[in-house]
Structures are given as C-alpha cells and as structure tokens.
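The structure under discussion appears below in the form of structure tokens.
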Amino acid sequence: HELANGGEQLLLDSYLAALAKQRAPGATAYPRELAMRHYRLGVVDYGRFMVSRFWGDASREVFEKKKDSPNTTLPNRDVQAALRFV
C-alpha cells in the first residue's frame, strides 16, 4: 500500500535527492523523467521475472504455505500483494 497514491513518486524523489547529495561537483543531474522511465522499466522487468519464475504453480494453497516465510517476497506469499503487483 505504501506505493499507492503517489508513493512511487515519493520513492523516486527520495532516491533522486539522495543521489544528488552524492553527486560530484559539475556532474550531470539524473533527469526525473529519465529516472521514472528507468524505474518503470525495472518494475516491468521484475514483474516478468516474478511471473515467469515463481507463479507457475501459484494457488491459494501455495500462498498459504509460504505466508509466514521471511525469505519469500510478499507477492509470492500474499494473494492481495500479488494482485496489487499485477
């Protein structure tokens, strides 16, 4: 839920602010539009990976077995998180 309602923009702004603090004098800034494009491409690639690698046997039973596993990503152990992911 943290990324809903503008959360992605806040995440990106926070990243860009931290990056700007570390930028060397005279170095080119990372344009926000380009950073957002890279972020979105990364999300799509992560989604491709998740769907192709982990959801082949997805079912409520599989999610139930994994629900308390701290070593399993949330979209692989929580149905609502998986639905928000897609």
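Bear in mind that the values here come from a model prediction, so they are computed numbers and not experimental data.
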Indicate if L83 and Y46 have the same hydrophobic cluster label, given that clusters are the connected sets of ILVMFWY residues with side-chain heavy-atom separations under 4.5 angstrom. yes
If two hydrophobic side chains count as joined below 4.5 Å and joins carry through other members, does L34 share a cluster with M36? yes
Check this for me: R23, atom CZ, are more than 12 non-hydrogen atoms of other residues, nucleotides or ligands nearer than 6.0 Å? yes
Interatomic spacing from CG in D78 to OG1 in T72 - rounded to 0.5 Å: 12.0 Å
Review item, side-chain donor-acceptor pairs of residues 60-67, under 3.5 Å, at least two apart:
from, atom 1, to, atom 2, distance (Å)
E61, OE1, S59, OG, 3.3
E64, OE2, K67, NZ, 2.8

Check whether L12 and L10 end up in the same hydrophobic cluster, where Ile, Leu, Val, Met, Phe, Trp and Tyr are linked by side-chain heavy atoms less than 4.5 Å apart. no
Are L16 and V43 linked, directly or through intermediate hydrophobic residues, by side-chain heavy-atom contacts shorter than 4.5 Å (ILVMFWY only)? yes
Side-chain touch Q22/L19, heavy atoms, less than 4.5 angstrom: no
Gap separating the CG atom of N71 from the CG atom of N76, nearest 0.5 angstrom: 12.0 Å
Got a donor-acceptor contact below 3.5 angstrom from the S52 side chain to the R48 backbone? yes
Which atom names give the shortest non-hydrogen contact between A82 and P75, and what distance separates them? CB-O, 3.4 Å
Donor-acceptor pairs are to be reported for all side-chain atoms of residues 26-33 against protein atoms at under 3.5 Å, with residues two or more places apart or in another chain.
from, atom 1, to, atom 2, distance (Å)
Y30, OH, H38, ND1, 2.5
R32, NE, D13, OD1, 2.8
R32, NH2, D13, OD1, 3.0

